[in-house]
2 protein chains.
Amino acid sequence: MIKDLFQCSTQGRMTGDERREQILQAAVQLFSQRGFSGTTTKQIALASGVSEAMVFRHFETKDALYDAILDSKRSDDGVHRFPWEENEDLRLAMEAKDDFGVFYNLGLHALTKHHTDESFMRLLFFSALEEHKLAERFFGEFVSKVYEFIGNYISERQKDGAMRELDPKIVVRAYLGMLIHHSLNNILWDKQRRMMDISNEDAAKNFADILLNGIKN
Amino acid sequence: MIKDLFQCSTQGRMTGDERREQILQAAVQLFSQRGFSGTTTKQIALASGVSEAMVFRHFETKDALYDAILDSKRSDDGVHRFPWEENEDLRLAMEAKDDFGVFYNLGLHALTKHHTDESFMRLLFFSALEEHKLAERFFGEFVSKVYEFIGNYISERQKDGAMRELDPKIVVRAYLGMLIHHSLNNILWDKQRRMMDISNEDAAKNFADILLNGIKN
DNA sequence: GCGCCTAAAGTAAGTGCTTACTTACCGTAT
DNA sequence: ATACGGTAAGTAAGCACTTACTTTAGGCGC
């Protein structure tokens with residue numbers, strides 16, 4: 001594996017899988033920056049350090065390349081893994097019915113992920129606007145599950161008498177709204193953080209605080 | 001004016017201004033649906049019912065057409081007019097320091113506007129992703145003013161002792177987050193309202209309710 | 001070890017079509 | 001009669017994708 005990386009960076013020639021991966025990464029970067037129709041296969045080839053023909057050896061069409069991104073994103077870097085599956089703090093807080101812990105960790109987890117995978121966020125938004133199926137699938141496979149899961153937690157806490165009787169879905173939307181909108185601001189409109197410069201921890205803390213006071217009994 | 005409309009719909013030949021406006025509208029529609037690079041001048045010409053040459057008689061380049069949209073959006077249909085300038089209920093509520101009235105009306109106003117000008121919303125997001133200057137300008141001229149204005153109201157109410165000492169900017173971000181994210185869901189991901197089907201009034205009511213309970217003293 | 005062979009990595013130079021934009025020319029209302 | 005709304009038919013560059021060919025890594029007989 002170390003040898004692979006060594007080869008990768010020093011020699012011009014790579015194995016098929018290495019090159020495929022490299023083209024894929026270049027495509028992710030470019031599609032996320034300029035959108036699908038704003039990116040040319042020539043640019044992708046150039047960014048991958050190969051000729052255009054190589055792009056088409058690895059991916060039948062430009063569309064197929066887009067689809068391959070989707071699949072790779074799902075399998076390798078756990079974009080589709082749910083917060084409660086990989087965040088121990090969150091799971092413990094849920095068991096303990098520590099509402100602040102739940103919403104704080106959930107928020108921090110989301111904000112951190114948005115921050116570290118900015119290009120995926122942009123890709124998602126582009127694909128939503130351009131109406132590729134990436135966004136649709138992500139919504140169906142991931143977002144709706146999040147609504148369900150957090151919604152269930154809220155229902156439970158309502159039965160406990162800890163939260164007011166609001167539609168859980170609306171509460172989830174309100175909270176995700178704070179989080180996603182905040183990330184969107186950071187990624188799209190206020191990259192220099194001129195309007196607001198705040199750590200993810202502070203943001204998560206404040207949002208959780210506002211929400212929980214807003215819905216507690 | 002009635003004659004203008006009559007001419008417009010029945011005769012092939014229009015005055016220059018009429019045609020210009022028609023091309024502009026077609027471009028708004030197409031750019032908002034497919035983005036700038038996803039739209040061709042041929043498509044715009046077709047949608048306007050003229051030849052491509054006419055598009056270039058009225059607008060020097062495709063880019064100039066994009067800029068013209070920006071300018072027209074600003075001048076004619078009041079996209080840049082502030083809620084508190086055109087919403088009497090909101091203004092009255094602010095004078096009366098009726099917090100729920102303020103945030104409810106603000107929210108309803110925003111959601112209604114997003115709903116009726118969906119294509120402008122899409123245009124804004126496209127331009128933010130594609131990094132055209134439309135989004136940047138809108139952010140500088142409109143969004144930042146909204147933050148300032150609502151932020152000031154919150155500061156005032158904090159001095160009155162009616163609201164907790166949270167950073168007003170974060171509160172604004174939280175609330176705008178709920179509103180914009182909700183509209184975004186309706187426009188981009190859940191057009192059929194399968195996940196949540198709720199009137200703008202109910203949404204504004206719930207969001208205002210959550211926020212105000214979240215920040216009250 | 002050594003050379004040979006083959007599969008696969010790689011490319012230069014296309015293909016036909018589409019793109020943004022132009023030119024040179026009409027028809028008609030005033 | 002001329003100014004203006006309008007078009008048909010371009011142009012050069014760029015697009016997704018292909019073809020026909022070259023280079024190289026590495027397995028295998030010797």
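A note on names: the letters A, B, ... follow the listed sequences, proteins ahead of strands, and every chain is numbered from 1.
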B:Arg19 atom CZ is separated from D:dG6 atom C1', nearest whole Å, by 9 Å

Under a 4.0 Å heavy-atom cutoff, the residues of residues 52-60 of chain A touching DNA chain D are A:Glu52, A:Ala53, A:Phe56

Here the residues of residues 38-48 of chain A within 4.0 Å heavy-atom distance, strictly under, of DNA chain D are A:Thr39, A:Thr40, A:Thr41

B:Lys62 NZ to D:dA13 P, in whole Å, measures 19 Å

Those residues at least two apart in sequence (or on a different chain) that pass ring-ring contact (aromatic ring centres under 6.0 Å, His included) with B:Phe56 are none

Show me the side-chain donor-acceptor pairs of residues 136-144 of chain A shorter than 3.5 Å, one per line, residues at least two apart or across chains.
from	atom 1	to	atom 2	distance (Å)
A:Glu141	OE1	A:Arg74	NH1	2.8
A:Glu141	OE2	A:Arg74	NH1	3.0
A:Ser144	OG	A:Gly140	O	2.8

Contacts of B:Glu60 meeting salt bridge (Lys or Arg N to Asp or Glu O under 4.0 Å) (sequence neighbours excluded), chain-then-number -> none

Residues passing the ring-ring contact (aromatic ring centres under 6.0 Å, His included) test with B:Phe126, sequence neighbours excluded, are none

Residues at least two apart in sequence or cross-chain that pass ring-ring contact (aromatic ring centres under 6.0 Å, His included) with B:Tyr104, listed by chain then number, are B:Phe100

The ring-ring contact (aromatic ring centres under 6.0 Å, His included) partners of B:His58 (sequence neighbours excluded) come to none

Rounded to whole Å, the CE-C1' distance (A:Met14 to C:dA7) equals 19 Å

Residues 37-53 of chain B vs salt bridge (Lys or Arg N to Asp or Glu O under 4.0 Å), sequence neighbours excluded, gives none

Separation of D:dG6 atom P from B:Asp17 atom CG, nearest Å, is 12 Å

Check your understanding: Hey, does A:Arg173 have a side-chain heavy atom less than 4.5 Å from the side chain of B:Asn206?
Key -> no

